[in-house]
S.K.: 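Quick one: structure below, then a few questions.
Values below: all heavy atoms of this structure, side chains included; hydrogens, waters and symmetry mates excluded. The first residue of the sequence shown is numbered 1, and numbering continues consecutively from there.
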Amino acid sequence: MSRIIESKKPDNKVNGVNPEISEESRQAFIRAMKIGYYKAFYKQGLLTAEQLERLIDMNTVKTDNAVNAADDNNNTAS
């Protein structure tokens with residue numbers, strides 16, 4: 001009969017504070033996950049190449065717009 005050995009590990013929290021994630025980072029992560037799902041659907045034959053391309057384009061437009069808006073804000077601040 002085998003014996004189960006339990007070991008207590010210290011809590012991984014840093015002084016009980018939960019790390020904060022910016023909304024921009026959260027949205028970027030969600031977009032990346034969606035694109036990953038779309039690619040998996042394409043590999044399974046559930047999407048055509050055209051559909052995959054359109055879905056990816058729909059999810060990257062916001063990122064491109066955000067980059068352009070940030071560039072515009074930096075240029076006008078000078």
S.K.: With sequence neighbours excluded, what pairs up with Glu23 under the side chain to side chain donor-acceptor pair (under 3.5 Å) test?
M.R.: Gln27

S.K.: State which residues pass side chain to side chain contact (heavy atoms under 4.5 Å, CB included) with Gln51; sequence neighbours excluded, sorted by chain then number.
M.R.: Leu47, Thr48

S.K.: For Glu20, which residues count as a salt bridge (Lys or Arg N to Asp or Glu O under 4.0 Å) partner, sequence neighbours excluded?
M.R.: none

S.K.: Could you see if Ile35 belongs to whatever hydrophobic cluster contains Ile30? Use Ile, Leu, Val, Met, Phe, Trp, Tyr and a side-chain cutoff under 4.5 Å.
M.R.: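 No, it is not one cluster - the side chains of Ile35 and Ile30 are not joined through contacts under 4.5 Å.
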
S.K.: Say you draw a straight line from OH of Tyr42 to CG of Leu55; how long is it, rounded to the nearest 0.5 Å?
M.R.: 13.0 Å

S.K.: Could you give the distance from CD (Glu53) to CG (Asp57), rounded to the nearest 0.5 Å?
M.R.: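 With rounding to 0.5 Å, CD (Glu53) is 5.5 Å from CG (Asp57).
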
S.K.: Any sub-3.5 Å donor-acceptor pair from Thr60's side-chain atoms to Ile56's backbone N or O?
M.R.: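 Yes: the side chain of Thr60 pairs with the backbone of Ile56.
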
S.K.: For Phe29, enumerate each residue passing the side chain to side chain contact (heavy atoms under 4.5 Å, CB included) test, keeping only those at least two apart in sequence or located in another chain.
M.R.: Met33

S.K.: Within this structure, what is the CG-CZ distance for the pair Asn59 and Arg54, rounded to the nearest 0.5 Å?
M.R.: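 Those atoms lie 12.5 Å apart.
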
S.K.: With rounding to the nearest 0.5 angstrom, report the CZ to CE distance, Arg31 to Met58.
M.R.: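 So the CZ of Arg31 and the CE of Met58 are separated by 13.0 Å.
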
